[in-house]
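This report refers to the structure that appears directly beneath it.
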Protein chains: 2
Amino acid sequence: MLSIGMLSQRSGVKVPTIRYYEEIGILKEAERSAGNQRRYRDSDLERLAFVKHARQLGFSLAGISSLIALQEHPDRSCAAAGALARAQRQEVQDKIARLQRLEVELTRISQGCDGQGVAAECYVLASLSDHANCEADHE
Amino acid sequence: MLSIGMLSQRSGVKVPTIRYYEEIGILKEAERSAGNQRRYRDSDLERLAFVKHARQLGFSLAGISSLIALQEHPDRSCAAAGALARAQRQEVQDKIARLQRLEVELTRISQGCDGQGVAAECYVLASLSDHANCEADHE
DNA sequence: CTAATGTCTCTAGTGACTAGAGGTTCAAGA
DNA sequence: TCTTGAACCTCTAGTCACTAGAGACATTAG
């Protein structure tokens, strides 16, 4: 049995985060020692690894909850899991596209300023004031 | 003079957000009508446009506060503004790089699932459980 | 003058944690 | 066995950038 500190170390998830996950039902309530401290088994470590990995991939905790529910009913169709993954992928692609447009503009803006002038004629500030300079429109 | 609703309409920033910006000092306190309603002039519209544009570019409100402070002291060097813009650009670039790694993996994961099977042998769930399948490592 | 719409303040909620206070339990060494 | 110090407990509150809602007051068009 692992203490919460050991679980944290092995999973790479911080102690308060583990308690938070329990609080919101992402992890089931841990068993307790005689002195009321949480005790975990390897299956908890596995679930935490699952959660961590999904979080790194940008899944929301709500989405992760759905995935966990699916895991616990292995007889159900996995169509929902596939749909979640595809939706997540689409979101990531959209985010990339948006960020790339921002990058273009930020590059333009930050190249216009050599840091030598005074704020009154600063290209950065002017650019931020005037959306019209933007080549691409960002929403 | 504009009411808060008119300012909202013209700027595209929601009414509660405008009040929030005033509360945290991003906008200075508005003048008031005889009946205590906020009244704005065109200069407020300009500042709000500035804030909105900077937000769209991913600047934090804290960063925007610095930029505004700079605007109000046009005699100061604009080096700080340039540095903020470059830091912001770097952040955007980092985010893009990270998201691109995620996209690769999410594509792999979601292609592995045709939605026909049951959860027990679902590739999506397996992939999320096992980080080892990842080709690239994401942090 | 009335009715509808707009605005006011205030509180509380969102997501995913993080920080801190003040108290208890555990494990290792003497 | 006792002691010490680290780890653990619960609870509250804070983060960021808003958003939602209640209940009361102001403005404006007809």
Side-chain angles (χ1 to χ4, degrees), chain A residues 1-27 29-40 44 47-48 50-68 84 87-88 91 95 98 102 138-139, chain B residues 1-27 29-40 44 47-48 50-68 84 87-88 91 95 98 102 138-139:
Chain A
M1 301 289 272
L2 302 165
S3 69
I4 196 169
M6 284 304 301
L7 182 67
S8 167
Q9 240 187 324
R10 290 222 210 154
S11 64
V13 176
K14 289 186 191 156
V15 168
T17 304
I18 295 172
R19 286 197 277 246
Y20 171 69
Y21 284 169
E22 178 181 309
E23 191 189 324
I24 64 168
I26 286 280
L27 298 180
E29 291 196 11
E31 295 170 52
R32 299 291 181 129
S33 73
N36 199 34
Q37 298 191 354
R38 289 170 180 82
R39 294 293 170 238
Y40 298 94
D44 297 308
R47 167 162 295 186
L48 200 49
F50 177 91
V51 173
K52 192 191 178 196
H53 194 193
R55 283 293 297 142
Q56 286 173 329
L57 290 172
F59 285 85
S60 68
L61 289 179
I64 292 172
S65 278
S66 313
L67 291 169
I68 286 176
L84 266 169
Q88 190 57 37
E91 246 180 67
K95 256 188 215 163
R98 244 178 298 133
L102 295 191
H138 39 242
E139 63 282 11
Chain B
M1 300 291 271
L2 302 166
S3 70
I4 196 168
M6 284 303 300
L7 182 67
S8 167
Q9 238 188 326
R10 290 223 208 153
S11 66
V13 176
K14 289 184 191 160
V15 169
T17 304
I18 295 172
R19 285 196 277 249
Y20 171 69
Y21 284 169
E22 178 180 309
E23 192 189 324
I24 63 168
I26 287 279
L27 299 180
E29 292 196 11
E31 294 170 55
R32 299 292 181 128
S33 73
N36 199 34
Q37 298 192 354
R38 289 171 180 83
R39 294 293 171 240
Y40 297 94
D44 297 308
R47 166 163 296 186
L48 200 48
F50 176 91
V51 174
K52 192 190 178 196
H53 193 193
R55 284 293 298 141
Q56 286 173 329
L57 290 172
F59 286 85
S60 69
L61 289 178
I64 293 173
S65 278
S66 312
L67 291 169
I68 286 176
L84 267 168
Q88 190 57 37
E91 244 180 70
K95 256 187 215 164
R98 243 178 299 134
L102 295 190
H138 39 243
E139 64 282 9

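Letters A, B, ... are given to chains in the order of the sequence lines, protein chains preceding strands, and every chain is numbered from 1. Only heavy atoms go into these numbers, but all of them, side chains included; no hydrogens, no water, no symmetry mates.
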Legend entry - Per A:Ile4 side chain, nearest of listed nucleotides C:dT7, C:dC26, D:dC9: D:dC9
Inset, instruction - Would you kindly give the CZ-to-C1' distance between B:Arg32 and D:dT27, to the nearest whole Å? - result: 15 Å
Legend entry - For atom OH of A:Tyr20 and atom P of D:dT12, their distance in whole Å: 17 Å
Inset, instruction - Report the residue (B:Leu61 or B:Ser33) whose heavy-atom-nearest nucleotide on DNA chain D is the more 5′ of the two. - result: B:Leu61
Inset, instruction - Check each of B:Met1, B:Arg38, B:Arg39 against B:Ser33 using the side-chain contact (heavy atoms from CB on, under 4.5 Å) test, and report the only one that passes. - result: B:Arg39
Legend entry - B:Arg10 vs B:Leu2 side-chain heavy atoms within contact, under 4.5 Å: yes
Inset, instruction - Quick one: pull up OG in A:Ser8 and CZ in A:Arg19 and give me the separation to the nearest 0.5 Å. - result: 9.5 Å
Legend entry - Close side-chain approach of B:Arg55 to B:Leu61, heavy-atom, < 4.5 Å: yes
Legend entry - Rounded distance in Å - CG (B:Asn36) to C1' (C:dC8): 7 Å
Inset, instruction - Return the value, rounded to whole Å, for the distance between atom CG of B:Leu7 and atom P of C:dC8. - result: 11 Å
Inset, instruction - State whether the side chain of A:Gln37 and the backbone N or O of A:Ser3 hold a donor-acceptor pair below 3.5 Å, judged by distance alone. - result: no
Legend entry - Gap between atoms CD1 and P, on B:Ile64 and D:dC16 respectively (whole Å): 13 Å
Inset, instruction - Find the distance between CD1 (A:Ile18) and CG (A:Leu48) and round it off to the nearest 0.5 Å. - result: 5.0 Å
Legend entry - Side-chain heavy atoms of A:Leu57 within contact of A:His53, under 4.5 Å: yes
Inset, instruction - Could you check which residues of residues 8-19 of chain A get a heavy atom under 4.0 Å from DNA chain D? Sort them by number, please. - result: A:Arg19
Legend entry - Euclidean distance, atom CD1 of residue A:Ile26 to atom P of C:dA16 [Å, nearest integer]: 9 Å
Legend entry - Side-chain N or O of B:Ser3 closer than 4.0 Å to phosphate OP1/OP2 of C:dT7: yes
Inset, instruction - Kindly point out which of C:dT9, C:dC17, D:dT10 is positioned nearest to the side chain of A:Arg55? - result: C:dC17
Inset, instruction - Assign each of B:Ala62 and B:Gly35 to its nearest nucleotide of DNA chain D by heavy atoms, then name whichever residue's nucleotide is nearer the 5' end. - result: B:Ala62
Legend entry - Between P of C:dT7 and CE of B:Met1, the distance in whole Å: 14 Å
Inset, instruction - Give the rounded distance in Å between these two atoms: CD of B:Gln37 and C1' of D:dA26. - result: 5 Å
Inset, instruction - Have a look at A:Tyr21 and say if it touches a base, only the backbone sugar-phosphate, or nothing, with a 4.0 Å heavy-atom cut-off. - result: sugar-phosphate
